[in-house]
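Step one of this worksheet: look at the structure below.
Quick caveat: nothing in here was measured; it's all calculated off a predicted structure.
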Amino acid sequence: MTQKKTFQPGEIVTAGYKTGRYIGEVVDLKDPKAVVKVLAVMKHPTQGDLHNPKQLDVPLFHQRKALAQYEKALVPLSAINHYEGDVPNYNESLQEALGTQEAELKHEGGRWAEASLIEIEKLKEEYFPTR
């Protein structure tokens, strides 16, 4: 039998939320979930319809934004893991995660990837307006 993961308020963790992954701080526990305050972005959310991944012909192709710095999310404990190491700067981590996703999409190609890249360009303008 696997041992149940335990977390404490104030603990730094990684948390998966929708299709993104973040480094955050446990603020409160509401078993079977925890409130996590976002400190950095590990993986930017995937663009498009969550229920029809990598498909372009859907009723609404969603632009998916990363959770904001210090935004709180209610995350299932099963999607949380302990984190050790330094917490990166939020803006730098967001820029790196978005760049990684952009490179993966360019490599993948196809209509869905092209539509996702258009949304990522819009997000870059919104996230980093002074660039």
Would you tabulate the side-chain donor-acceptor contacts of residues 12-19 under 3.5 Å, counting partners in other chains and residues two or more places apart, or write 'none'?
{"from": "T14", "atom 1": "OG1", "to": "R21", "atom 2": "NH2", "distance (Å)": "3.0"}
{"from": "T19", "atom 1": "OG1", "to": "T46", "atom 2": "N", "distance (Å)": "2.8"}

Could you tabulate the donor-acceptor pairs under 3.5 Å formed by side-chain atoms of residues 109-117, not counting sequence neighbours?
{"from": "R111", "atom 1": "NH2", "to": "D57", "atom 2": "OD1", "distance (Å)": "3.3"}
{"from": "S116", "atom 1": "OG", "to": "W112", "atom 2": "O", "distance (Å)": "3.0"}

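For CG of D31, the number of neighbouring non-hydrogen atoms (other residues, nucleotides, ligands) closer than 6.0 Å is greater than 12.
Through side-chain heavy atoms spaced under 4.5 Å, either directly or across other Ile, Leu, Val, Met, Phe, Trp or Tyr residues, I118 is tied to no other residue. The hydrophobic cluster around V27 extends to V35, L74, counting ILVMFWY residues whose side-chain heavy atoms fall within less than 4.5 Å of a member.
When all heavy atoms are compared, the tightest approach of Y90 to S93 is O-OG, 2.7 Å. Heavy atoms only, all atoms of each residue included: P88 and Y83 are closest at CD-OH, 4.2 Å.
Atom OH of Y22 and atom CG of L94 lie 9.0 Å apart (nearest 0.5 Å). Separating the CD atom in E102 from the CD atom in E121 is a distance of 5.5 Å, to the nearest 0.5 Å. Taken to the nearest 0.5 Å, the CG atom of D49 stands 9.0 Å off from the CZ atom of F61. Taken from CG in D86 to CD1 in I23, the straight-line distance is 9.5 Å, to the nearest 0.5 Å.
Note on L39: it does not cluster hydrophobically with V75, by side-chain heavy-atom contacts below 4.5 Å among ILVMFWY residues. Put simply, L67 and V26 are part of the same group of oily side chains (I, L, V, M, F, W, Y) that touch within less than 4.5 Å, one to the next. Residues V38 and L123 share a hydrophobic cluster, clusters being chains of Ile/Leu/Val/Met/Phe/Trp/Tyr side chains in contact below 4.5 Å.
When the side chain to side chain donor-acceptor pair (under 3.5 Å) test is applied to K33, no partner is found at least two apart in sequence or on another chain. For P9, the side-chain contact (heavy atoms from CB on, under 4.5 Å) test picks out L29, with sequence neighbours left out. Scored by the side chain to side chain donor-acceptor pair (under 3.5 Å) test, E119 finds Q63, K122 as partners (sequence neighbours excluded). N91 is linked by a side-chain contact (heavy atoms from CB on, under 4.5 Å) to N89, counting only residues two or more places apart in sequence or in another chain. Under the ring-ring contact (aromatic ring centres under 6.0 Å, His included) criterion, Y127 pairs with H44, sequence neighbours left out. With sequence neighbours left out, E126 forms a side chain to side chain donor-acceptor pair (under 3.5 Å) with K65. A search for ring-ring contact (aromatic ring centres under 6.0 Å, His included) contacts involving H82 returns F7, not counting sequence neighbours.
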message: Set out, in order, the CA-CA distance, both residues' side-chain angles and the distance that settles side-chain contact (heavy atoms from CB on, under 4.5 Å) for K5 and L77, then state yes or no.
response: CA-CA 8 Å; K5 293 187 271 186; L77 292 173; over 6 Å; no

- prompt: Stepwise, does the side-chain contact (heavy atoms from CB on, under 4.5 Å) test hold for Q47 with Q101?
  reply: CA-CA 10 Å; Q47 302 305 299; Q101 187 176 70; 4.2 Å; yes

message: Evaluate L105 against H107 for side-chain contact (heavy atoms from CB on, under 4.5 Å), listing each step before the verdict.
response: CA-CA 5 Å; L105 289 166; H107 178 73; over 6 Å; no

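Here side-chain hydrogen bond (donor to acceptor under 3.5 Å, both in side chains) pairs that include residues 66-80, with residues two or more places apart or in two chains, number zero.
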